[in-house]
2 protein chains.
Amino acid sequence: MSEARTRIVATADELYNARGIQAVGMDELRAAAGVSLKKLYQEFPSKSSIVMAVLERRHRSWAEGLEAAVRQVAEPRERLLAIFDYLARWFGEDSFRGCGFINSFAELGAVSPEVAQYAREHKVSFQEYVGTLASRAGAPAYLAPQLSILAEGAQTTAAIAGTAEAAQQARSAAEVLIDAALGARASRAA
Amino acid sequence: MSEARTRIVATADELYNARGIQAVGMDELRAAAGVSLKKLYQEFPSKSSIVMAVLERRHRSWAEGLEAAVRQVAEPRERLLAIFDYLARWFGEDSFRGCGFINSFAELGAVSPEVAQYAREHKVSFQEYVGTLASRAGAPAYLAPQLSILAEGAQTTAAIAGTAEAAQQARSAAEVLIDAALGARASRAA
DNA sequence: GAGAGGGGAGAACGATCGTTCTCACAACGC
DNA sequence: GCGTTGTGAGAACGATCGTTCTCCCCTCTC
């Protein structure tokens, strides 16, 4: 990938996140990325292809950051909770304006099947990741969707409220759900 | 409120929900509502005033539907769970495309302070309502934000996944959280 | 019946958007 | 040195949007 290409996608990511996809025109992106309009259309055939590239970048960045945060702790139960510590750090960033996939789905999902599909795939991949962490912790299958829903809710709550406290609230709820699920498994085994 | 005015807002609500606010132009709204463009601008000074009227309508409709669902059961604990039964019915509707406030916030929140503010107020009012239900059930204060986050997460998960199952998953998580919170209160009192 | 007023249909306007085209200039091979 | 190629700057194009204006007809009043 050319250096111009990565700079375009990184700049588009920032601008789209800060102000919304439809609110940022190609000329503004061109100026912010420091590239000519010709170069822009030489790297990408259309705006929607830039949007898809931004979504892929967001997915990679989210997955890498999450997995790095999870790997920092060893205990399977703590690994599930590390998801919410990761959220807390994210919510605290100045640039945080909600989950980029929820936002792009809300903005374009009804009009762009590609965007809707990619948002769906991203969320499925997150749920599957939570599922593997949960099963390694010995939890029953129903725990993963519960924790995923908590994480989703924390993201939208933090975005709209403009505060980061939803991460801690979701984390303490997750503790209760995890211990209940592990306890149910343990008492059933006994 | 004139009959034309209510029809305009109701039509705008449907169209904005189905395809997004920015994707629906004034002329399409005019045609769907069966009014003249002159009438439209005689009832509302601008598109953004229609958007605000739609948000108010959504807020009323949501609050009335939720309170009606809650009143159908008597037990305080069951009333908290009735929130998620209400969500389940909502998610099952063909027209469901996610929470209109989350969507409008994602689409316009960064560019329209009014929309951002109204979305915030709507979510605060929901959390307060959950708070009164929770306190009547004798639950500690931390339960309400936890249940609110679950409800938010169920809405976005159901919207993006396109299925209604998130409501049941959130409901069973809510049961665990409620019983844990009530049990903590009870055991502390004992 | 004549005139006035109001509302409907839709043209028009100015702005903005995504995309393409023009043109001038700089770097390179021969 | 000269033509070729490719790039940057930005004008231009066509579409669409929110909003306003024009024109015409219908309906009242006297």
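Note that this is a predicted model, so its numbers are computed, not measured. When reading the values below, keep in mind they use all heavy atoms of this one structure, side chains included, and skip hydrogens, waters and symmetry mates. The chains referred to below are lettered A, B, ... by the order of the sequence lines, with proteins before strands, and numbering in each begins at 1.
- Rounded to an integer number of Å, the gap from A/Glu28 CD to C/dA15 P is 19 Å.
- Nucleotide C/dG7 holds its P atom 10 Å from the CD atom of B/Glu43, rounded to whole Å.
- Whole-Å rounding puts the B/Leu29 CG to D/dG18 P distance at 9 Å.
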Practice item. At under 4.0 Å between heavy atoms, which parts of nucleotides 19-26 of chain D does protein reach? Answer with one letter per nucleotide, 5' to 3': B base, S sugar-phosphate only, - none. Key: BB-B----

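- Proximity of A/Phe84 to A/Leu150: side-chain heavy atoms (C-beta onward) are separated by under 4.5 Å at one or more points.
- At a threshold of 4.0 Å, the pair B/Arg7-B/Glu3 counts as salt-bridged, since one of the basic side-chain nitrogens sits closer than that to a carboxylate oxygen.
- Atom pair A/Ile8:CD1 and C/dG18:C1' shows a separation of 15 Å (rounding to whole Å applied).
- For the pair B/Arg19 and B/Glu28, the salt-bridge criterion is met [side-chain N within less than 4.0 Å of a carboxylate O].
- Note: the hydrophobic cluster containing A/Tyr142 does not contain B/Leu87 (ILVMFWY, side chain heavy atoms under 4.5 Å, direct or indirect links).
- By the 4.5 Å heavy-atom criterion applied to side chains, A/Ser104 and A/Ile21 are counted as neighbours.
- Atom-to-atom, CD1 of A/Ile50 to C1' of C/dC17 comes out at 14 Å; the value is rounded to the nearest Å.
- Distance CD (A/Gln42) to C1' (D/dG6): 9 Å, rounded to an integer number of Å.
- Regarding A/Lys39, its NZ atom lies at a distance of 19 Å from the P atom of C/dC21, rounded to whole Å.
- For A/Gln22 and C/dG18, the CD to P distance is 9 Å, given to the nearest whole Å.
- Ring geometry for A/His59 versus A/Tyr118: interplanar angle over 60°, hence perpendicular rather than tilted (30 to 60°).
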